[in-house]
Amino acid sequence: MNDSEMRRRELLRQTKRLYDERRDIPAVHPRYGRIYHDLYHNEEGQKEQTGGSFYLRLVIGILCFICFVYMDQSNAGVAEVNSTSIVNQIEKDIDMDTVMEVWKDL
């Protein structure tokens with residue numbers, strides 16, 4: 001083997017090691033090593049599949065709709081708000097210039 005072949009083999013070995021998915025946590029600051037490990041690895045060392053919040057948001061939406069229908073059918077009011085005032089607030093037009101001014105002041 002000449003120097004050129006040895007150099008190519010060494011570069012190939014380094015590249016394989018660099019892109020190996022079975023490696024440990026990459027070099028991060030010790031302060032953030034635990035956070036990185038908790039976010040991206042579970043007990044078996046594989047990536048954790050995080051679930052979305054769609055079903056939680058769906059349940060909350062359904063509960064809000066059920067409460068609205070109940071308020072509308074029984075003419076109930078909560079904190080001086082009834083179904084008519086909710087519909088009025090939904091249908092209310094918004095002045096976008098005012099919204100932009102308030103947003104800029106934040």
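Here E10 contributes atom CD and T15 contributes atom OG1; the two are 9.5 Å apart, rounded to the nearest 0.5 Å. Rounding to the nearest 0.5 Å places OG of S53 at 8.5 Å from CD1 of I60.
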Review point. Could you walk me through whether V69 and Q73 pass the side chain to side chain contact (heavy atoms under 4.5 Å, CB included) check?
Key: CA-CA 6 Å; V69 169; Q73 294 296 320; 4.1 Å; yes
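Its side chain within the 4.5 Å cluster rule, L58 clusters with F54, Y55, I62, I66 among the Ile, Leu, Val, Met, Phe, Trp and Tyr residues.
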N/O donor-acceptor pairs under 3.5 Å from side chains in residues 99-106, not counting sequence neighbours:
none

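Surrounding CZ of F68 are more than 12 heavy atoms belonging to other residues, nucleotides or ligands, all under 6.0 Å away. Summarising the local packing, CG of L11 is surrounded by more than 12 heavy atoms from other residues, nucleotides or ligands at distances under 6.0 Å.
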